[in-house]
Amino acid sequence: MRIAVTGKAGQVVSALLERGPAAGVEVVAVGRPELDLADPKEATAVFSALRPDVIVSAAAHTAVDKAESEADLAFAINGRGAGAVAKAAAELGVPVIHLSTDYVFDGAKPSAWVESDPTAPLGVYGASKLAGEEAVLASGARAVVLRVAWVHSPFGANFVKTMLRLAETRDRLGVVADQIGAPTSALDIADAVVTIAKTLVARPDDATLTGVFHMGAGGPDASWADFAEAIFAGAAARGGRAPAVDRIATSAYPTPAKRPAQSRLASEKLADVHGVVLPDWRVSLETVLDRLIGPRPAN
């Protein structure tokens with residue numbers, strides 16, 4: 001089986017390129033200059049040449065704060081670009097798996113979000129990703145929309161890497177404690193995407209496989225401060241530095257874009273339909289730290 005994935009350097013793309021072959025899947029990454037999601041008029045021709053069995057729509061404008069001042073570009077890439085990728089999938093008769101985000105919600109719900117909850121993005125990034133979801137679902141393709149949150153990995157820029165870098169020079173760090181979610185490893189996302197892709201190919205007439213699904217890591221709810229403390233504990237166990245974490249309110253760390261206060265995604269539908277259950281985030285964090293720092297010393 002061959003998967004064509006949009007983007008060349010994102011966390012999920014990098015994870016798919018690594019994990020796909022181990023699962024017997026060829027993964028081909030495609031991005032600029034061959035495919036520019038800001039101007040994707042050649043999308044069908046590009047994917048036709050790749051002859052994929054499944055297309056994974058992973059590339060996006062993910063700079064949440066920057067999107068507030070680059071709304072046109074964010075909507076072009078995350079909205080129209082995603083729609084063009086899905087339309088190409090429809091024209092080629094192959095399924096598409098599109099990655100979306102918890103930012104389509106306003107974060108006001110006190111419990112985990114389910115797929116049927118009303119969307120209400122707080123900013124440009126979330127609104128542009130919601131526009132992409134709508135375009136993908138309206139494309140005519142066999143489409144799976146996967147909402148994920150708090151992605152981290154050994155690749156690219158992410159919260160784990162930022163915390164480890166700051167730990168090298170700081171003795172204390174203020175970290176937001178009133179935003180709740182589930183840190184989700186891109187390695188786990190890649191494994192899940194491969195499983196879903198195989199199911200879509202094996203059961204081409206099963207309409208229950210398509211639609212919107214939430215994909216959150218297992219384990220307890222966590223704040224960014226909880227996540228930071230877990231990162232530093234893991235670093236300390238590997239001989240690294242562990243700064244003290246000062247738990248601060250979101251209001252103490254203002255940003256151009258508002259963040260959802262509650263980002264936990266209930267994932268029972270994904271488990272029921274596709275049989276996919278992500279591991280406990282604390283276990284997956286250990287895997288990422290093993291890659292970034294090295295394994296814990298043996299006792």
K.L.:
Can you pull the salt bridge (Lys or Arg N to Asp or Glu O under 4.0 Å) pairs that have at least one residue in residues 94-110, sequence neighbours excluded?
P.N.:
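The answer is Lys109-Asp117.
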K.L.:
Which ILVMFWY residues are connected to Phe75, directly or by a chain of links, through side-chain heavy atoms under 4.5 Å apart?
P.N.:
Val124
K.L.:
Using only atom types and a distance under 3.5 Å, with no angle test, would you say the side chain of Asn78 pairs donor to acceptor with the backbone of Gly132?
P.N.:
no
K.L.:
If a pair satisfies salt bridge (Lys or Arg N to Asp or Glu O under 4.0 Å) and one of its residues is in residues 146-160, list it, with sequence neighbours excluded.
P.N.:
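Pairs touching residues 146-160 that pass the test: Glu133-Arg147.
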K.L.:
Please enumerate all residues that pass salt bridge (charged side-chain N to carboxylate O under 4.0 Å, His left out) together with Glu286, with sequence neighbours excluded.
P.N.:
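Once residues adjacent in sequence are excluded, the partners of Glu286 under the salt bridge (charged side-chain N to carboxylate O under 4.0 Å, His left out) criterion are Arg238, Arg296.
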K.L.:
Which residues satisfy the side-chain hydrogen bond (donor to acceptor under 3.5 Å, both in side chains) test with Glu268, sequence neighbours excluded?
P.N.:
none
K.L.:
Tell me the closest heavy-atom pair linking His214 and Ala266, and the distance in Å.
P.N.:
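The pair with the smallest heavy-atom distance is CB-O, 3.2 Å.
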K.L.:
Which residues pass the side-chain hydrogen bond (donor to acceptor under 3.5 Å, both in side chains) test with Asn158, sequence neighbours left out?
P.N.:
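Here the qualifying residues are Gln11.
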K.L.:
Clusters formed by hydrophobic residues whose side-chain heavy atoms approach within less than 4.5 Å: which one holds Tyr103, and what are its other members?
P.N.:
Val64, Tyr125
K.L.:
Tell me who clusters with Phe105, hydrophobic residues only, linked when side chains sit under 4.5 Å apart either directly or through other members.
P.N.:
Val104, Trp113, Leu130, Leu265
K.L.:
Which pair of heavy atoms, one from Leu289 and one from Ile231, lies closest together, and at what distance?
P.N.:
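The pair with the smallest heavy-atom distance is CD1-O, 4.1 Å.
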K.L.:
Please, which pairs that meet salt bridge (Lys or Arg N to Asp or Glu O under 4.0 Å) have at least one residue in residues 197-217, sequence neighbours excluded?
P.N.:
Arg203-Asp206
K.L.:
Looking at Glu134 and Lys129, does any basic side-chain N land under 4.0 Å from a carboxylate oxygen?
P.N.:
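Looking at Lys129 together with Glu134, the answer is no, because their closest N to O distance does not fall below 4.0 Å.
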K.L.:
According to ring pair (Phe, Tyr, Trp, His ring centres under 6.0 Å), does anything in residues 232-277 pair up with another residue at least two apart or in another chain? List the pairs.
P.N.:
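Pairs touching residues 232-277 that pass the test: Phe213-His274.
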K.L.:
Going through the distances and angles, do Ser223 and Gln179 end up as a side-chain hydrogen bond (donor to acceptor under 3.5 Å, both in side chains)?
P.N.:
CA-CA 5 Å; Ser223 67; Gln179 294 174 24; over 6 Å; no
K.L.:
Are any of the side-chain heavy atoms of Lys269 and Met215 separated by less than 4.5 Å?
P.N.:
no
K.L.:
Apart from Phe155 itself, which Ile, Leu, Val, Met, Phe, Trp or Tyr residues share its cluster (side-chain heavy atoms under 4.5 Å, direct or through members)?
P.N.:
Leu187
K.L.:
Side chains of Asp290 and Thr287: any donor to acceptor distance under 3.5 Å?
P.N.:
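Result is no, nothing qualifies.
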K.L.:
For the ring pair Trp150 and Phe159, is the centre-to-centre distance below 6.0 Å?
P.N.:
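No - the distance between ring centres of Trp150 and Phe159 does not fall below the 6.0 Å cut-off.
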K.L.:
Locate the shortest heavy-atom distance separating Ala89 from Ala141; write the atom from each residue and the value.
P.N.:
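For Ala89 and Ala141, the tightest heavy-atom pair comes out as CB-CB, 4.2 Å.
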K.L.:
Can you name the closest pair of heavy atoms from Asp53 and Pro95 and give their distance?
P.N.:
O-CD, 3.2 Å
K.L.:
Quick check: closest heavy atoms across Ala217 and Ala182, and the distance to 0.1 Å?
P.N.:
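Heavy atoms of Ala217 and Ala182 come nearest at O-CB, 3.9 Å.
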K.L.:
What I want to find out is whether Glu68 reaches Lys258 closely enough, with some N-O distance under 4.0 Å, to be called a salt bridge.
P.N.:
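Salt bridge between Glu68 and Lys258, a charged N being under 4.0 Å from a carboxylate O: no.
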K.L.:
If you look only at pairs with a residue in residues 148-168, which of them pass as a salt bridge (Lys or Arg N to Asp or Glu O under 4.0 Å), with sequence neighbours excluded?
P.N.:
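Every pair satisfying salt bridge (Lys or Arg N to Asp or Glu O under 4.0 Å) with a residue in residues 148-168: there are none.
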K.L.:
Is the shortest distance from a Lys or Arg side-chain nitrogen in Arg2 or Glu26 to a carboxylate oxygen in the other one below 4.0 Å?
P.N.:
yes
K.L.:
May I ask you to say whether Asp65 pairs ionically with Arg259, meaning some side-chain N is under 4.0 Å from a carboxylate O?
P.N.:
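Looking at Arg259 together with Asp65, the answer is yes, because their closest N to O distance falls below 4.0 Å.
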K.L.:
Examine distances only and state if a side-chain atom of Arg241 and a backbone atom of Arg170 form a donor-acceptor pair shorter than 3.5 Å.
P.N.:
yes
K.L.:
Under 3.5 Å, is there a donor-acceptor pair between the side chain of Thr6 and the main chain of Ala59?
P.N.:
yes
K.L.:
Of the non-hydrogen atoms in Pro52 and Val94, which two are nearest, and what is the gap between them?
P.N.:
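In this case the closest contact between Pro52 and Val94 is O-CG1, 3.4 Å.
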